[in-house]
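Heads up, the thing below is written out as C-alpha cells.
This is a predicted model, so every value here is computed, not measured. Only heavy atoms go into these numbers, but all of them, side chains included; no hydrogens, no water, no symmetry mates. Positions are given from 1 along the sequence.
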Amino acid sequence: MPVALLDLVDEGLYLLALHCKNCDRLSTGIHEDAELEALEQANELAEAEMQSALEIVSVARFIDDLDGFTRALEANVVLPEDF
C-alpha cells in the first residue's frame with residue numbers, strides 16, 4: 001500500500017514509499033498513473049463491499065434485537081415501567 005509520494009520521476013511516473021501490511025516491510029517503487037488508478041478503484045470497491053457487509057450485520061443485529069423483544073412481549077416480561 002502506498003504511504004507517501006516521494007518524487008515525480010517523469011510525467012505519469014511516481015516514486016512511492018510502500019508498506020506491506022502482511023509482512024510490515026517498507027520499500028520504494030516507481031509506479032505509473034494507470035497502476036495507481038487501478039489500486040484506487042480496487043480500494044474503493046473493497047470499501048464499498050465492507051460497507052455493504054457492515055449494513056448487513058447491522059440489519060441482522062436489529063432483527064435479532066427485534067426478535068428478542070417480541071419474545072419478551074409474548075412472555076409478558078416487559079412491563080410499562082420498563083419504558
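- In the hydrophobic clustering of ILVMFWY residues, with side-chain heavy atoms under 4.5 Å counting as a link, L36 and L8 come out together.
- The hydrophobic cluster around L45 extends to none of the other residues, as no ILVMFWY side-chain heavy atom falls under 4.5 Å of it.
- Among pairs with a residue in residues 4-18, those fulfilling side chain to side chain donor-acceptor pair (under 3.5 Å) read Y14-D33, at least two apart in sequence or across chains.
- Not counting sequence neighbours, the partners of S27 by the side-chain contact (heavy atoms from CB on, under 4.5 Å) test are L18, R25.
- Every residue meeting the side-chain contact (heavy atoms from CB on, under 4.5 Å) condition with V59, not counting sequence neighbours, appears here in chain and number order: I63.
- Here L39 is tied to no hydrophobic group at all, with no ILVMFWY side chain closer than 4.5 Å.
- Within the structure, salt bridge (charged side-chain N to carboxylate O under 4.0 Å, His left out) contacts touching residues 40-63 (residues at least two apart or in different chains) do not occur.
- Within the model, atoms CG of L5 and CG of L16 stand 6.0 Å from one another, a figure rounded to the nearest 0.5 Å.
- With S58 contributing its side chain and L54 its backbone, the two residues share no donor-acceptor pair below 3.5 Å.
- Remark: E32 pairs with no residue by the side-chain hydrogen bond (donor to acceptor under 3.5 Å, both in side chains) rule, at least two apart or across chains.
- The side-chain contact (heavy atoms from CB on, under 4.5 Å) check on A4 picks up L6, A17, with sequence neighbours excluded.
- In this structure, M1 stands alone, with no Ile, Leu, Val, Met, Phe, Trp or Tyr side-chain heavy atom under 4.5 Å from its own, directly or through other members.
- By the 4.5 Å side-chain criterion applied to Ile, Leu, Val, Met, Phe, Trp and Tyr, L66 is assigned to a cluster that also includes F62.
- Nearest heavy atom pair, residue I30 against residue E35, reads O-OE1, 4.4 Å.
- Annotation: side chain of D24 is in contact with side chain of H19 (closest heavy-atom distance under 4.5 Å).
- Partners of D67 by side-chain hydrogen bond (donor to acceptor under 3.5 Å, both in side chains), not counting sequence neighbours, listed by chain and number: R71.
- In terms of the side-chain contact (heavy atoms from CB on, under 4.5 Å) criterion, residue partners of V78 (sequence neighbours excluded) are, by chain and number, F69, A72, L73, D82, F83.
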